[in-house]
Student: 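Once you've had a glance at the structure underneath, I'll fire off some questions.
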Amino acid sequence: MDTIFALASAQGKAGVSVIRISGPLALDAANQICDRPLPAKGRGLRCLLDLDGGHLDEALVLTFAAPASFTGEDSVEFQVHGSTAVVSAVLGRLTKSPDLRLAEPGEFTRRALENGKLDLAQVEALADLIDAETEAQRKQAQVVLAGALGDLAERWRADLIRAASLIEVTIDFADEDVPVDVTPEVTSLLDNVARDLKAETEGVKIAERIRDGFEVAIIGAPNVGKSTLLNMLSGREAAITSEFAGTTRDVIEVRMDLAGLPVTLLDTAGLRETDDHVEGIGIELARKRAEQADLRVFLVEPDEVLELEMKPGDIRLRPKADRREDDTGSISGKTGQGIDHLVSHISDVLKDRSTQVGIATRTRHREMMLSALISLNEAQTVLQRGAEFYEIAAEDIRSAVRSLEMLVGRVGVENLLDEIFSSFCLGK
């Protein structure tokens, strides 16, 4: 196994930068650059020296003995002054060591996976945590990174192995009298796991929205103030506004943090009949994005017939409150009237939907759990056909176990790893 190194903190000027070494020769390589030997595990202040003995920097050096490190290997971390010159000099010195090579993107985390320090779901959660922009994203990633999904999968797996073992005992004693009918216990175990799996798969869509962002579309006829409202909500001139109808022809997207939730606001083309080919394309695109959005804000008059059907949670408001004598139920993107109420309303709807979230967060998780659920449903059907079909039921249960093992990366995920780790930065 090679010994690798890389900058583990962000590129650019900082107060402190962290350079990590991991592998069997990590401690030896670190001692070559330090003015005094390092402890096998612990910390110390050391001068870092170039090959000719020149002073590079003074650093706090942390040493970790395997397996008590992030990667599960012997590891060393240099906390150096965060100037680009210092970092470059130290990295340059490490490059000259014949015992080291520069790490590939995500290689430290990949070693953590291979050495059993993280499961695959935790690796994905680590990537999500690094990308987290809102409090909801941070909390969601932290739950999976702490091992909650792996613990849940392990509990399911243990129950299914127990169920398969009971069936196989019955198969082994097929020609003898089995003292206890195992079918009720097996059925109970399968029912409990299937119920949990169903609940988790239903929560993945919301979890994906927390990770990727909810979409809120602003819908209405031309020139009702959709772009002005978007600009007011985003706090900047994100969309062009004018008194001429049809100004917006494409979908304008603005990403923002709304009460800790990631939200993408969509300003869409005004819905109307038009002979303008380009505007027509924009209107059709607006309809499609509005249908797919998680929530729609309709700016319409009370007697106006909607071109799109309202869904649960959608909001209907009268536009241009600043021009009305009776401004009940209306909003103005120009003056900000009603904005606080709208933001609060959107936040309440999305928070309510977020309560339905499970632990699993990705489409891959959902696919593996659905695969396990299908196998369990087949096993339950076969069990009802009698003891002569128990061997088939046992194989269906084992298939469900394999799906759960794939969920956490124990088996059958080699083809996914390169894609997953390609999203990591060099020092992670």
Side-chain angles (χ1 to χ4, degrees), residues 113 116 119-125 143-144 147-209 353 355-417 419-420:
L113 173 68
D119 62 37
L120 187 57
Q122 288 175 296
V123 168
E124 292 166 323
V143 168
V144 184
L149 183 57
D151 292 344
L152 193 57
E154 184 57 35
R155 177 166 63 79
W156 293 334
R157 180 176 176 273
D159 285 349
L160 295 184
I161 290 175
R162 166 71 177 169
S165 298
L166 289 171
I167 292 176
E168 286 164 356
V169 166
T170 303
I171 295 171
D172 290 340
F173 289 90
D175 297 328
E176 305 175 28
D177 290 333
V178 180
V180 178
D181 181 9
V182 301
T183 306
E185 183 177 353
V186 170
T187 301
S188 176
L189 288 168
L190 299 188
D191 285 345
N192 290 339
V193 174
R195 183 179 62 251
D196 288 352
L197 284 169
K198 188 172 185 296
E200 279 299 320
T201 56
E202 290 173 350
V204 170
K205 183 177 180 182
I206 297 298
E208 286 185 314
R209 280 291 182 249
R353 293 182 185 179
T355 60
Q356 305 167 33
V357 69
I359 296 173
T361 59
R362 291 175 175 253
T363 298
R364 185 187 72 81
H365 302 164
R366 183 175 182 272
E367 289 173 350
M368 292 300 98
M369 291 189 297
L370 280 177
S371 176
L373 187 57
I374 290 170
S375 296
L376 291 186
N377 289 337
E378 291 174 352
Q380 289 169 314
T381 300
V382 170
L383 279 174
Q384 297 172 5
R385 295 167 63 183
E388 63 269 29
F389 295 96
Y390 277 5
E391 191 167 348
I392 298 175
E395 179 55 35
D396 286 332
I397 295 172
R398 285 192 291 268
S399 178
V401 170
R402 286 193 293 271
S403 294
L404 296 178
E405 290 176 337
M406 291 176 68
L407 172 64
V408 294
R410 287 190 178 185
V411 295
V413 294
E414 283 300 318
N415 59 324
L416 291 173
L417 296 185
E419 178 181 348
I420 290 172

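As the structure is a computational prediction, the values presented were derived from the model and not from experiment.
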Student: For the backbone of L407 and the side chain of R364, can you confirm whether one donor and one acceptor N or O come within less than 3.5 Å of each other?
Tutor: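 Yes; judged by distance alone, with no hydrogens or angles, the pair exists.
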Student: Kindly compute the distance separating OG (S188) from CG (D159), expressed to the nearest 0.5 Å.
Tutor: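 It is 9.0 Å, given to the nearest 0.5 Å.
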Student: Quick check on R155: does its CZ atom have over 12 non-hydrogen neighbours (other residues, nucleotides or ligands) under 6.0 Å away?
Tutor: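 Yes, because the 6.0 Å sphere around CZ of R155 holds more than 12 heavy atoms from other groups.
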Student: Please check this pair: side chain of E200 against backbone of I359, looking for a donor-acceptor N/O pair closer than 3.5 Å.
Tutor: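 Checked: pair present.
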Student: Is there a side-chain contact between D151 and W156 (heavy atoms, below 4.5 Å)?
Tutor: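 Sidechains of W156 and D151: no contact.
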Student: Which heavy atom of V382 sits nearest to which heavy atom of A393, and what is that distance?
Tutor: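 Shortest heavy-atom contact: CG1-N, 3.8 Å.
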Student: Run L149 and Q122 through side-chain contact (heavy atoms from CB on, under 4.5 Å) and show every step you take.
Tutor: CA-CA 8 Å; L149 183 57; Q122 288 175 296; over 6 Å; no
Student: Find the distance between CZ (R385) and CD1 (I392) and round it off to the nearest 0.5 Å.
Tutor: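 One finds 6.0 Å between CZ of R385 and CD1 of I392.
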Student: Between the side chains of Q380 and D396, does any donor sit under 3.5 Å from an acceptor?
Tutor: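 Judged by distance alone, the side chains do not pair up.
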Student: Using the rule given for side-chain contact (heavy atoms from CB on, under 4.5 Å), can you reason through R157 versus E405, listing the C-alpha separation, both sets of side-chain angles and the distance that settles it, and then say yes or no?
Tutor: CA-CA 8 Å; R157 180 176 176 273; E405 290 176 337; 2.9 Å; yes
Student: Nearest 0.5 Å please: distance from the CZ atom of R362 over to the CE atom of M368.
Tutor: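 The CE atom of M368 is 14.0 Å from CZ of R362, to the nearest 0.5 Å.
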Student: Would you please say whether a donor-acceptor pair under 3.5 Å links the side chains of T361 and E208?
Tutor: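 On atom types as modelled, these side chains do not qualify, holding no pair under 3.5 Å.
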Student: Please report the interatomic distance CG(L160) to CG(L376), rounded to the nearest 0.5 Å.
Tutor: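 Those atoms lie 5.5 Å apart.
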Student: Taking all heavy atoms of S399 and all of S375, pick out the closest pair and write down the distance.
Tutor: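 Heavy-atom minimum between the residues: OG-OG, 3.2 Å.
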Student: Is E395 paired with R402 through a side-chain N to carboxylate O contact shorter than 4.0 Å?
Tutor: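 Salt bridge between R402 and E395, a charged N being under 4.0 Å from a carboxylate O: yes.
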Student: Would you name the heavy atoms of A121 and V144 that are closest together and state the gap between them?
Tutor: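 Answer, listing the atom of A121 first, then V144: O-CG1, 3.5 Å.
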Student: Side chains of L383 and I167: does their closest heavy-atom pair fall under 4.5 Å?
Tutor: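 Yes; the side chains approach each other to less than 4.5 Å.
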Student: Does the side chain of H365 come under 3.5 Å of the side chain of E124 through a donor N or O and an acceptor N or O?
Tutor: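 Yes, a side-chain donor-acceptor pair sits under 3.5 Å.
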Student: How many angstroms lie between atom CG of L197 and atom CZ of R366, to the nearest 0.5 angstrom?
Tutor: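 One finds 12.5 Å between CG of L197 and CZ of R366.
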Student: Going from CG on L373 to CG on D196, what distance comes out if it is rounded to the nearest 0.5 angstrom?
Tutor: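 Separation between the atoms: 10.5 Å.
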Student: Locate the shortest heavy-atom distance separating A379 from L190; write the atom from each residue and the value.
Tutor: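 Where A379 meets L190 most closely, the heavy atoms are CB-CD1, 4.2 Å.
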